[in-house]
Amino acid sequence: MSEQNTAGDIAHIDFDDNRLAAALSGSHDAHLAILEDLLNVRIDPRGNRFAVSGDAGARDRAVAALDKLYERLKRGEPVAAEDVRAAAKTAETARTQAAAPPRSIKTPKRLIAARSPNQAAYLEALNQHDLTFGIGPAGTGKTYLAVAHAVGLLLNGAVERIILSRPALEAGERIGFLPGDMKEKVDPFLRPLYDALHDMMHADYVERRIAAGDIEIAPIAFMRGRTLARAAVILDEAQNATPEQMKMFLTRLGEGAHMAVTGDPSQTDLPLGQQSGLSDALGVLTGVEGVAVTRFTASDVVRHPLVSRIIGAYDKRDQRTGGDGHE
């Protein structure tokens with residue numbers, strides 16, 4: 001519970017738990033320093049009372065961010081630097097707005113919650129639709145949240161297995177030219193999916209479920225001729241699938257299945273002139289009932305803050321050059 005009062009150019013916000021107020025400030029007030037930098041305010045903590053100074057709009061945004069982070073701490077969720085940055089991004093919403101807390105997914109190793117409005121909309125879409133597209137740049141959480149949703153469905157008994165897939169094509173390399181057996185050839189391409197699973201579930205549990213066939217990680221080519229029923233199915237890096245592969249994959253959807261397709265149409269590794277199956281599917285399936293599309297932007301990036309600025313710089317360059325990367 002927090003209370004706010006404003007006197008002149010300073011807003012005071014009081015929190016009822018000194019321990020949580022200290023966690024809100026961060027080590028050596030590092031969290032407050034992030035908010036000060038991003039929102040152009042000054043925040044002076046005095047016990048459980050924080051004094052926020054700056055212009056009226058900036059003060060309101062800072063108070064809203066502090067409130068949001070404090071509510072997160074009250075729910076037992078940790079607050080890290082990236083959470084503080086995310087709260088600053090979404091602080092335009094009114095502090096008194098009556099809204100449900102961000103949807104979260106509890107996994108054995110961590111509680112995963114939306115860190116931006118688009119992430120919250122994406123989780124809601126995954127929950128409400130049988131086929132959901134997550135479109136946008138790297139670092140926006142589109143694949144990670146899809147895997148978290150799939151893990152939640154498996155652990156809750158809503159599905160019987162998880163199937164994670166990617167096109168085995170990256171940076172112009174084809175698996176036939178790589179050394180080793182088939183597993184050794186494709187595992188490097190699928191490693192980000194393994195990493196996401198291991199971030200949410202203990203390694204021995206993941207390996208047992210893989211051995212039992214409850215979790216399958218395979219290239220898209222392995223999906224041909226199958227019907228994927230009662231499964232949470234994810235196609236990652238879908239911009240590298242051809243239109244034929246995409247149609248094949250989407251039509252594998254079986255009874256009781258939930259499918260998520262993630263990718264960034266601007267980052268395809270397909271040969272020059274080859275249409276991306278992701279772009280093709282987004283055009284074909286517009287308006288189809290049961291299909292949801294969430295589009296992320298650089299503002300949704302939850303990695304290092306420099307990543308968002310890098311993406312923005314490249315986007316500006318592409319707008320100047322028509323997207324071909326040349327002046």
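Quantities reported herein were computed from a predicted structural model and do not represent experimental measurements. The first residue of the sequence shown is numbered 1, and numbering continues consecutively from there.
Side chain of Ser116 to main chain of Asp300: no donor-acceptor pair is present (N/O by atom type, distance under 3.5 Å, no hydrogens or angles). Distance alone, capped at 3.5 Å, places no donor-acceptor pair between the Asp60 side chain and the Gly57 backbone. Looking at Gln274, its side chain never comes within 3.5 Å of a backbone N or O of Pro271 through a donor-acceptor pair.
Contact of the Leu69 side chain with the His31 side chain is not registered, since no non-hydrogen atoms from C-beta on lie closer than 4.5 Å. Looking only at side-chain heavy atoms (C-beta outward), Arg166 and Arg191 stay at 4.5 Å or farther from each other. In this structure the side chain of Asn48 never reaches within 4.5 angstrom of the side chain of Leu20, judged on heavy atoms. Contact of the Val84 side chain with the Val79 side chain is registered, since non-hydrogen atoms from C-beta on lie closer than 4.5 Å. The side-chain heavy atoms of Leu197 and Arg209, taken from C-beta on, include no pair separated by under 4.5 Å. Inter-residue side-chain proximity for Val159 and Arg230 is flagged as unmet; no heavy-atom pair is nearer than 4.5 Å. Between Pro265 and Ser279 there is a side-chain heavy-atom pair separated by less than 4.5 Å. With a 4.5 Å cut-off on side-chain heavy atoms, Lys142 and Pro137 do not count as touching.
Taking the six-membered ring where the residue is Trp, Phe50 and Phe15 present perpendicular rings, their angle passing 60° and hence far from 30°.
Screening Val284, Leu282, Val261 for a side chain to side chain contact (heavy atoms under 4.5 Å, CB included) with Met246, the sole residue that qualifies is Val261.
Thr227 approaches Gly254 most closely through the heavy-atom pair CG2-CA, 3.9 Å. Here the closest non-hydrogen pair linking Ile210 and Tyr194 is CD1-CE2, 3.9 Å.
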List the atom pairs, donor and acceptor, that lie under 3.5 Å between side-chain atoms in residues 144-154 and the rest of the protein, sequence neighbours left out.
{"unit_1": "Tyr144", "atom_1": "OH", "unit_2": "Asp199", "atom_2": "OD2", "d": "2.4"}
{"unit_1": "His149", "atom_1": "NE2", "unit_2": "Leu126", "atom_2": "O", "d": "3.4"}

